[in-house]
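Note sheet for the following structure.
Both ligands and their constituent atoms are indexed starting at 1 by order of listing. Note that these values count all heavy atoms, side chains included, but never hydrogens, waters or copies made by symmetry.
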Amino acid sequence: MHKSDRENAGLIGMSATHGIRAYERYVGKETIRRIEAKARPLRDMHILHMNSTYYGGGVSQLLASLTLLMNSLDIQTGWRVVHGPPDFFSVTKKFHNALQGADINLTGRKKEIYEQVVHENAVRNHLNHDMVFIHDPQPLPMITHYRKKNPWIWRCHIDLTKPNRKVWNYLAPFIERYDAVVLSCREYSQNLKTPQVFFTPAIDPFSIVNRELSENAIDERLAHYGIPTDLPLVVQVSRFDRWKDPEGVIRAFQKARKQEECTLVLVGNVATDDPEGAEVYRSLLSHRGDRIIVLSVQDGALVNALQRRAAVVLQKSIREGFGMTVSEAMWKGAAVIGGNVGGIRYQIRDGENGFLVSSVDEAAERIVRLLRDPGLAERLGHAAHETVRECFLFTRTIEQYLDLIGSFEPEFRMSGNVGSPCR
Ligand code: UDP
């Protein structure tokens, strides 16, 4: 924001946040100059992002960093959240599951709750921004309630490898009102009239989850939660969600542990827009023991400490639009074993910078291999860090958003190339 705009908005300085130049040490001067040049013509645009939670899950992590950095580039970028009662989020979680391939009983009542709550949100949100980004299905029908004067973009973070057709066909007319759709991978492309653009999210090295931590700080966080460090740690950090396959992680750990001693730590949180989390967490409690630790907490510093101290990080998802936790752990040089699905296949190259697995047995075998061969773990971790530096750091996401915002011509048509430079 220019000084006068900041003053109009009652803001004094931005010193609490990192500006784009802080990223220079990771990506070099040239990239920063390019980003600043791309941002310059967009200065003072007024842009809005809307999703369904301020906290829990990758989208809120992404928006937290994205909105601050865009403002530091003088693009006035706001963030709103769709509000609704528990039955609204129960319906939208079912839509989310169905978009990832689950079955659904798509009743008129579900559609009514969904559309009614979104309509109420539209009444109390006055959206006349230069560009509006709507994230994921929860606020998707917002677009039907405005006389649209500027581009609207639907940014879907879900694994759309095999969406349930009933839900897709119901949502498609909403989606086709948008001027562009952004999906994380090409494999998710759909038969739509709306142009589709593909780019993955990325991680912010300055967030609480990712910033540098001293060994003392790591010890302190682990001790705070009573996590034993006498044996190597096998870790999965994930919302409590069946798609993350926590039961599969426990089974893989139990198999691996017969061959190599280790401790499993499953840490998760429950996002406010995910009513199934508490039940998934409860279902895991019977597995708890001296060597299986299951924690439901929201503590970014603990996530950071675990990803840094782990001998092996798992993300054994069954579906995954893009695994922020995968890139976070790779950035820290961890040896990561990911499910061979969705966005994780773009993040991990099997055997080069981590492992991709398709079964509990494969996961167990890779855990054992990594525990027995620290040299291998270190090599994979080193390559993993480089992959994230090259392809999945926040500067890349910023640049792709700038390209996308700058690509709209009058009539809201996109021009230019907005795809991923990495793959
Ligand atoms: N996360 C966290 N605490 C937890 C679990 C997850 O802070 O207990 C963060 C995690 O570090 C990551 C995000 O939430 O930044 C999850 O993003 P991801 O893309 O892995 O999964 P999603 O929840 O969006 O499906």
Just to be sure I'm reading this right: ignoring hydrogens, which of [options] gets closest to [atom]? Compare them by their nearest heavy atoms.
| atom | options | value |
| --- | --- | --- |
| atom 24 (O) of ligand 1 | Ala64, Pro201, Gly58 | Gly58 |
| atom 21 (O) of ligand 1 | Gln298, Lys244, His96 | Lys244 |
| atom 18 (P) of ligand 1 | His157, Gln307, Met324 | Met324 |

Is the NZ or CZ atom of Arg349 both under 6.0 Å from the centre of the six-membered ring of Phe355 and within 45° of that ring's axis?
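The answer is no, since Arg349 fails at least one limit relative to Phe355.
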For the ring pair [X] and [Y], is the centre-to-centre distance below 6.0 Å?
| X | Y | value |
| --- | --- | --- |
| Tyr178 | Phe174 | no |
| Tyr26 | Trp331 | yes |
| Tyr23 | Phe206 | yes |
| Phe392 | Tyr346 | no |

Check each atom of ligand 1 against the heavy atoms of [X] and keep those under 4.0 Å away; list them by number with element.
| X | answer |
| --- | --- |
| Val209 | 11 (O) |
| Val297 | 8 (O) |
| Val267 | 8 (O) |
| Glu328 | 10 (C), 11 (O), 12 (C), 15 (O) |
| Val303 | 2 (C), 3 (N), 7 (O), 11 (O) |
| Val237 | 4 (C), 5 (C), 6 (C) |

For [atom], what's the nearest protein heavy-atom neighbour? Residue, atom name and distance, please.
| atom | result |
| --- | --- |
| atom 1 (N) of ligand 1 | Asn269 ND2, 3.8 Å |
| atom 9 (C) of ligand 1 | Gln61 NE2, 3.8 Å |
| atom 23 (O) of ligand 1 | Arg239 NE, 2.6 Å |

Under 3.5 Å: donor-acceptor pair, side chain of Tyr114, backbone of Arg109:
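No, the answer is negative, given that no donor and acceptor are paired below the 3.5 Å cut-off.
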Give a yes or no on whether the backbone of Met70 and the side-chain of Ser72 come within a donor-acceptor separation of less than 3.5 Å.
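Side chain of Ser72 to backbone of Met70: no pair is present.
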Please list every donor-acceptor pair under 3.5 Å in which a side-chain atom of residues 257-269 meets a protein atom from a residue at least two apart or in another chain.
unit_1: Glu260; atom_1: OE2; unit_2: Arg372; atom_2: NE; d: 2.9
unit_1: Thr263; atom_1: OG1; unit_2: Arg291; atom_2: NH1; d: 2.7
unit_1: Asn269; atom_1: ND2; unit_2: Gln298; atom_2: OE1; d: 2.4

Can you check whether Phe322 has an N/O within less than 3.5 Å of an N/O in ligand 1?
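In this structure, Phe322 places an N or O atom under 3.5 Å from an N or O of ligand 1.
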Do any N/O atoms on Ser238 end up under 3.5 angstrom from N/O atoms on ligand 1?
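Ser238 vs ligand 1: no N/O contact under 3.5 Å.
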Salt bridge or not for Glu247 and Arg242, using N-O below 4.0 Å?
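Yes, this pair counts.
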Partner of Glu215 by salt bridge (Lys or Arg N to Asp or Glu O under 4.0 Å), out of Arg308, Arg221, Arg309
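Of the listed residues Arg308, Arg221, Arg309, the salt bridge (Lys or Arg N to Asp or Glu O under 4.0 Å) partner of Glu215 is Arg309.
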Tell me whether Gly300 reaches ligand 1 (any heavy atom closer than 4.0 angstrom to a ligand atom).
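The answer is no, since Gly300 has no heavy atom less than 4.0 Å from ligand 1.
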